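The structure presented is a predicted model; accordingly, all values stated were derived computationally and were not measured.
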Amino acid sequence: MDPQLCQDLDWSFPSTHLTEASDGEGGGDTEVMQQETAPVPALSKKTKQPKECFLVQPKETKEGGTKTKKRRKKKITDILAKSEPKPGTPEDLQQLMKDYYSSRRSVIELEELNLPVCPKWVKLRKNHNEKKSVLMLIICSSAIRALELIRSMTAFKGDSKVMKLFAKHIKVQEQIKLLEKRVVHLGVGTPGRIKELVKQGGLNLNPLKFLVFDWNWRDQKLRRMMDIPEIRKEVFELLEMGVLSLCKSESLKLGLF
């Protein structure tokens with residue numbers, strides 16, 4: 001075969017075979033060598049191997065399905081929110097103290113924990129049956145503050161009767177009639193209206209056991225009850241209408257809230 005033709009066809013022959021073929025004497029040997037060394041076409045360009053492909057199947061989603069929420073642990077606030085508020089009693093405190101100290105103290109030491117809890121509001125409330133009077137009187141600087149206190153003392157008041165003793169939308173004569181009709185345990189109001197009720201005979205201070213001043217609460221101007229000149233004057237006038245004498249006889253106790 002013509003070498004020029006092989007070069008044009010880009011065929012390659014092993015060099016050793018070609019030399020052996022050229023050195024041989026006989027023409028038959030060259031034909032045998034050409035048959036043994038069959039030409040192999042060379043690749044002009046490198047073939048790219050195919051890359052592996054993976055098909056990702058989409059996750060099956062249920063139509064209209066909702067995600068499952070994790071179960072939230074119950075907190076003490078959730079339990080207390082569902083339970084109804086109840087007035088505290090001395091027995092509740094005594095039982096709590098015994099449960100707390102039961103593993104630390106002996107039986108004799110536990111008996112020494114029977115401390116008197118004052119005031120015994122439940123007992124006082126049951127024994128009170130006098131009209132035109134209250135057992136506890138809470139004095140505030142305004143009617144709005146009195147309403148806030150009434151709403152916040154739900155657990156303490158329990159079944160006791162509470163009366164609003166302020167001048168907003170309530171006349172003096174209406175309050176006097178209400179005090180004459182029913183027994184009232186708690187009175188919450190302003191010193192001006194309470195002083196007027198005592199002056200007109202609608203409210204008797206003798207059965208009063210506790211007089212509490214809303215002492216530390218501040219209004220929008222950051223004034224306490226005794227920082228307002230008008231309120232301070234009415235408070236001292238109320239004290240002079242029999243409150244001071246009741247405190248000296250120890251039948252009445254004052255408190256600052």
Side-chain angles (χ1 to χ4, degrees), residues 83-95 115-217 225 231 234-235 237-239 241-257:
S83 61
E84 296 181 358
K86 297 180 180 180
T89 61
E91 290 76 14
D92 296 337
L93 180 58
Q94 295 293 343
Q95 185 63 39
L115 304 176
V117 181
C118 185
K120 296 181 179 180
W121 179 247
V122 178
K123 185 177 180 180
L124 291 172
R125 185 184 66 197
K126 290 180 179 179
N127 295 333
H128 180 67
N129 53 13
E130 297 183 28
K131 298 179 180 180
K132 298 175 63 175
S133 65
V134 294
L135 282 174
M136 181 180 292
L137 194 57
I138 302 176
I139 299 178
C140 307
S141 58
S142 64
I144 297 175
R145 174 57 180 167
L147 291 174
E148 290 179 0
L149 278 177
I150 292 172
R151 286 193 293 265
S152 63
M153 62 173 63
T154 304
F156 173 76
K157 67 183 181 181
D159 298 332
S160 60
K161 302 297 181 182
V162 183
M163 188 170 178
K164 306 170 186 176
L165 302 177
F166 47 78
K168 192 173 184 179
H169 307 302
I170 305 174
K171 296 180 180 181
V172 179
Q173 297 301 325
E174 294 178 359
Q175 290 174 339
I176 293 175
K177 290 180 181 179
L178 290 174
L179 289 168
E180 291 176 350
K181 287 182 180 179
R182 60 182 183 180
V183 176
V184 180
H185 305 93
L186 258 168
V188 185
T190 55
R193 175 50 61 92
I194 295 172
K195 184 184 69 174
E196 189 65 27
L197 289 170
V198 175
K199 186 178 180 180
Q200 295 191 21
L203 181 63
N204 182 16
L205 295 178
N206 290 328
L208 186 64
K209 298 297 181 184
F210 305 99
L211 179 62
V212 181
F213 295 100
D214 188 24
W215 192 266
N216 293 309
W217 183 82
M225 180 175 64
I231 301 296
E234 290 175 346
V235 167
E237 290 178 354
L238 177 62
L239 293 177
M241 296 178 68
V243 175
L244 293 177
S245 60
L246 292 173
C247 291
K248 290 179 181 180
S249 64
E250 298 183 354
S251 63
L252 175 62
K253 294 181 179 180
L254 298 180
L256 304 179
F257 175 69

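Of the possible donor and acceptor atoms, one in the side chain of Gln175 sits under 3.5 Å from a partner among the backbone N and O of Phe166. Counting only distance, with no hydrogens or angles, the side chain of His128 and the backbone of Val183 share no donor-acceptor pair below 3.5 Å. Under the 3.5 Å distance criterion, the side-chain polar atoms of Lys131 are matched with a main-chain donor or acceptor of Lys181. Within the 3.5 Å criterion, the main-chain N or O of Ser160 finds no donor-acceptor partner in the side chain of His185. Checking side-chain atoms of Lys253 against main-chain N and O of Leu211 turns up no donor-acceptor pair under 3.5 Å. Side chain of Arg193 to backbone of Ile170: a donor-acceptor contact under 3.5 angstrom is found.
Of all heavy-atom pairs spanning Met241 and Lys199, the tightest one is CE-N, 3.8 Å. Taking all atoms of both residues into account, the shortest heavy-atom contact from Glu234 to Gly192 is OE1-N, 3.3 Å. Contact between Ser133 and Asn204 at its shortest, heavy atoms only, is CB-O, 3.5 Å. Nearest heavy-atom pair, Leu135 versus Leu208, reported as atom, atom and distance to 0.1 Å: O-CD1, 3.4 Å.
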Tell me, with the steps shown, if Arg151 and Glu148 meet salt bridge (Lys or Arg N to Asp or Glu O under 4.0 Å).
CA-CA 5 Å; Arg151 286 193 293 265; Glu148 290 179 0; 5.2 Å; no
Where do Phe210 and Ile138 land on the side-chain contact (heavy atoms from CB on, under 4.5 Å) test, with the steps shown first?
CA-CA 8 Å; Phe210 305 99; Ile138 302 176; over 6 Å; no
Stepwise side-chain contact (heavy atoms from CB on, under 4.5 Å) test for Lys168 and Leu147:
CA-CA 11 Å; Lys168 192 173 184 179; Leu147 291 174; over 6 Å; no
Carefully, step by step, assess Leu149 and Trp217 under the rule side-chain contact (heavy atoms from CB on, under 4.5 Å).
CA-CA 11 Å; Leu149 278 177; Trp217 183 82; over 6 Å; no
Starting from the C-alpha separation in whole Å, work towards a yes-or-no answer on side-chain contact (heavy atoms from CB on, under 4.5 Å) for Asn206 and Leu246.
CA-CA 7 Å; Asn206 290 328; Leu246 292 173; 3.9 Å; yes
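Taking the side chain as every heavy atom from C-beta outward, Ile194 and Leu238 approach each other to under 4.5 Å. Under the 4.5 Å side-chain criterion, counting only non-hydrogen atoms from C-beta, Val184 is not in contact with Val162. Side-chain contact check for Met225 versus Ile139: some heavy-atom pair is nearer than 4.5 Å. Side-chain contact between Lys132 and Leu203: absent, with no pair of heavy atoms (C-beta onward) separated by less than 4.5 Å.
Distance CD1/Ile150 to SG/Cys140: 8.0 Å, rounded to 0.5 Å. Taking OG1 from Thr190 and CD from Glu196, the interatomic distance works out to 11.0 Å, rounded to the nearest 0.5 Å. Between the CG atom in Asp214 and the OG atom in Ser141 there is a gap of 6.5 Å [rounded to 0.5 Å]. Summarising the geometry, atom NZ belonging to Lys195 is positioned 12.0 Å from atom CD belonging to Gln200; distances are rounded to the nearest 0.5 Å. From Leu252, atom CG reaches atom CG of Leu205 across 8.0 Å, with rounding to the nearest 0.5 Å. Asn127 contributes atom CG, which lies 7.0 Å from atom NZ of Lys123 (distance to the nearest 0.5 angstrom).
Not a single salt bridge (charged side-chain N to carboxylate O under 4.0 Å, His left out) links Lys164 to another residue, sequence neighbours left out.
By the neighbour-count criterion of 12 heavy atoms within 6.0 Å, atom CD1 of Ile144 is sparsely surrounded, having that number or fewer from other residues, nucleotides or ligands. Shown here is Glu250, whose CD atom has no more than 12 heavy atoms of other residues, nucleotides or ligands within 6.0 Å.
Applying the side chain to side chain contact (heavy atoms under 4.5 Å, CB included) test between Leu254 and each of Val243, Leu244, Val212 identifies Val243 as the sole match.
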